[in-house]
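As structure tokens, the structure follows; a few thoughts come after it.
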Amino acid sequence: MSYNLLSEPIRKFIRDKRWESLRPIQAAAIFKIISTDNNYILASRTASGKTEAAFLPILSKTDFNSIGVQVLYISPLIALINDQFYRIEDLCKDLEISVTKWHGEAKKSLKTNLIKNPNGIVLITPESLEAMFVNAPYNVSTLFGNLKYIVIDEIHSFLGVDRGLQLMSILSRIQQVNKSKITTIGLSATIGDDNYIEAKRLTGDIDSTKILLDKAQKETEAKFKYFKNNSTELSLDLLKDLYKETSSNKVLIFPNSRGRTEEIAVKLRKISDRVNGHKFYYSHHSSVDKEIRESVEHFAKNNERFNFCISCTSTLELGIDIGTVDKIVQIDSTHSVSSLVQRIGRSGRREGEKSIVNLYATNKWSLLQSLACWNLYKSGFLEPINTAKKPFDILLHQLLSIAKQLSGCPRSELFKRIRLNPTFKEITEIEINTLIDKFIELDYLENIDRELILGIEGENIVNSREFYSVFKTEPNFKVLHSGKKIGDIPFSPQVRIDENILLAAKIWKIVDIDFKGSKIIVIPASDGKKPKFFGGGGNIQNRIREEMLSILKSNKNYSELDKSSCEVIAEMRHDFKGFAVKDFKFDCPFIEKEGKILIYTFTGSKINKSLNFLLSLTGIEPSFDDHSSTFELEIDKFTFKNLVQEINEKYERINDYLKVELTENESLIGFSKWGEYLPLDYQAEIVKERYYDFENAIELINNMNLIESV
DNA sequence: GACCTGCTGCGGGCTG
């Protein structure tokens with residue numbers, strides 16, 4: 001039925017491709033998109049034909065003879081735009097619809113041609129759209145003033161993050177230059193039943209956005225292995241076992257950090273050389289040069305014959321298609337269930353194939369967390385997504401962007417545009433006006449002839465290459481070998497002449513450092529240390545920690561565990577046997593000895609951080625470890641119980657305490673690129689909303705049952 | 001005990 005709704009040229013395209021039938025998500029999307037004007041979120045697993053599900057009906061329904069770009073496709077990655085360009089161009093080739101790539105690495109001449117003759121489909125990134133609004137606002141209306149559809153790929157990657165708020169604001173600004181309503185189609189992997197509301201929110205119109213969902217999942221086979229680590233490097237036993245498990249397959253290994261990624265690639269390659277195994281060992285992460293990464297992706301995608309092993313970070317978690325993978329290896333627990341879902345989804349992509357995953361652990365808490373994630377994965381749980389309600393930092397960024405776009409406008413006009421933008425719906429009119437006043441005071445904006453323009457400070461911020469994105473990046477040194485770029489690494493004490501480093505799955509000796517030009521010259525070497533990178537800890541969601549405690553208090557046997565992991569879980573169960581825990585949310589195992597108490601909170605990282613902050617306000621110095629979710633306090637149980645009242649009282653003035661903390665510790669606002677430009681009160685608000693979780697911390701402290709061992 | 005993402009406009013020199 002859906003097929004018959006399509007225009008004849010599109011039906012011919014399907015006949016020529018000899019598709020036997022439409023995929024479920026395609027049939028549903030074609031019917032809905034053609035017969036209604038609603039926005040849709042198409043959610044189904046990777047490689048299920050979502051791109052065609054959106055574009056077949058859009059191409060059928062849209063008149064591409066009208067002036068202006070008709071369809072805008074937005075992607076979080078340049079690599080994905082380049083991939084999708086071929087797919088979309090293939091759909092359009094007999095329809096005389098032009099397709100244009102528009103991103104930082106796209107040809108300028110193609111952009112110029114499009115401006116002369118705006119038409120067809122444009123593939124773009126959010127940052128390129130931001131840049132267009134700032135530098136050539138007239139192009140926005142010329143190109144996108146008659147837009148019919150916006151397609152957002154990998155929409156889940158925008159949810160709950162600053163980049164998503166920026167995109168949401170840009171979508172609203174594009175709608176503001178259009179007379180008629182633009183229809184939005186979001187493409188997504190499954191994001192959990194409770195999270196679809198967040199995807200709807202991004203389109204700016206929750207009520208007329210509907211979800212089309214294909215929940216079909218692959219069967220997954222998991223195997224847990226335990227090899228205790230006693231040093232900072234991986235044990236030889238683990239590496240030997242890992243080699244045995246991976247040498248005769250096409251494998252992706254996810255070791256959670258760039259340093260360890262290199263360690264594994266280099267060490268497995270060494271073992272393989274020794275036993276005459278294959279030579280296709282690679283590392284793939286953000287510090288490896290882009291061209292080298294692309295050649296690795298190309299090899300994985302186009303080679304049928306040889307086995308390979310790519311040790312990688314989340315660079316290979318989403319987006320780009322790297323073809324068939326037999327097996328996934330996870331070294332120590334993922335930080336979230338959704339990350340585990342994405343990684344497992346990378347194997348067994350062919351019809352009827354199972355996904356296979358090996359989960360290694362190098363310490364007991366990581367094993368327990370990994371098992372908890374696996375249980376939650378099987379139950380269909382995915383972490384809840386929270387969109388910031390009052391993103392003052394993004395408001396500042398967008399206010400400056402709009403001021404530049406309009407190059408002078410009455411204050412009422414600027415105010416109106418912010419009010420019309422659903423991204424800032426929860427921010428009050430008083431707050432907007434107070435902030436505009438503050439920004440005038442700080443010279444971000446300036447009042448001239450009853451119009452607001454960018455002030456001197458505002459110009460400095462906007463006229464920088466850094467302005468277009470809302471995420472931070474670290475400064476790097478280029479690593480070069482005989483003129484060829486190997487990658488980029490941050491400066492660390494390790495960057496010294498004669499030091500050996502691992503990069504791009506090879507070992508290098510540093511022979512020269514050019515501090516002025518930020519360059520490091522290297523030559524091949526035969527032995528070296530893994531590179532050091534900086535980074536904060538990850539945030540673990542409270543549901544994972546509750547599941548960890550629940551595993552400790554159950555007797556369930558897991559056939560997925562090998563002998564040593566079974567023993568480790570048994571030992572941990574023995575350690576926690578005496579604690580009569582019933583409620584996994586509020587019951588906390590508790591030990592008191594020698595004037596100290598130890599509390600196992602088994603709760604999320606943000607809640608732990610908030611507890612730590614609240615406890616330190618009472619004057620005691622908690623010693624807190626998020627890895628095991630424990631607090632050690634040099635007080636007795638009685639004193640601890642008396643603190644609860646004091647903590648509740650302090651919480652009533654939490655913003656004042658946060659302001660003091662922000663003055664003393666500037667890095668606290670570091671998670672927000674534009675937050676540091678805000679007045680202190682507003683910094684405190686976004687820290688409270690996004691960095692901490694005081695509401696749940698207070699709920700826990702007020703309901704906490706300390707369970708002693710019997 | 002972390003990972004990832006993107007990027008204008010202009011002038012000057014060089015190549016075909």
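Chain A is the first sequence line, chain B the second, and so forth, proteins listed ahead of strands; every chain is numbered from 1. Hydrogens, waters and symmetry mates play no part in the numbers below; they use all other heavy atoms, side chains included.
For the salt bridge (charged side-chain N to carboxylate O under 4.0 Å, His left out) condition, the pairs that include at least one residue of residues 124-133 of chain A, sequence neighbours left out, are E127(A)-R163(A), E130(A)-R173(A).
Base engagement by D626(A) is indicated by at least one non-hydrogen atom pair under 4.0 Å involving a base atom. Residue-level contact check: Q166(A) touches neither bases nor backbone, having no heavy atom under 4.0 Å from any strand. Here S469(A) lies in heavy-atom contact (under 4.0 Å) with a base.
Counting to the nearest Å, the C1' atom of dA2(B) and the CZ atom of R258(A) are 9 Å from each other. When rounded to the nearest whole Å, the span between CG of D625(A) and P of dG1(B) equals 11 Å. In this structure, N363(A) places its CG atom 10 Å from C1' of dG1(B), rounding to the nearest Å.
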Close N/O contacts between protein and nucleotides 8-14 of chain B (under 3.5 Å):
unit_1, atom_1, unit_2, atom_2, d
dT8(B), O4', N135(A), ND2, 3.2
dT8(B), O4', Y468(A), OH, 3.0
dT8(B), O3', N135(A), ND2, 3.1
dT8(B), O4, R465(A), NE, 2.9

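Look at R346(A) and E317(A) and you find no salt bridge, because none of the NZ, NE, NH1 or NH2 atoms lies under 4.0 Å from a carboxylate O.
Remark: E457(A) pairs with no residue by the side chain to side chain donor-acceptor pair (under 3.5 Å) rule, at least two apart or across chains.
Under 4.0 angstrom from either OP1 or OP2 of dC7(B) there lies no side-chain N or O belonging to R163(A). Residue T315(A) has no polar side-chain atom (N or O) positioned under 4.0 Å from OP1 or OP2 of dT5(B).
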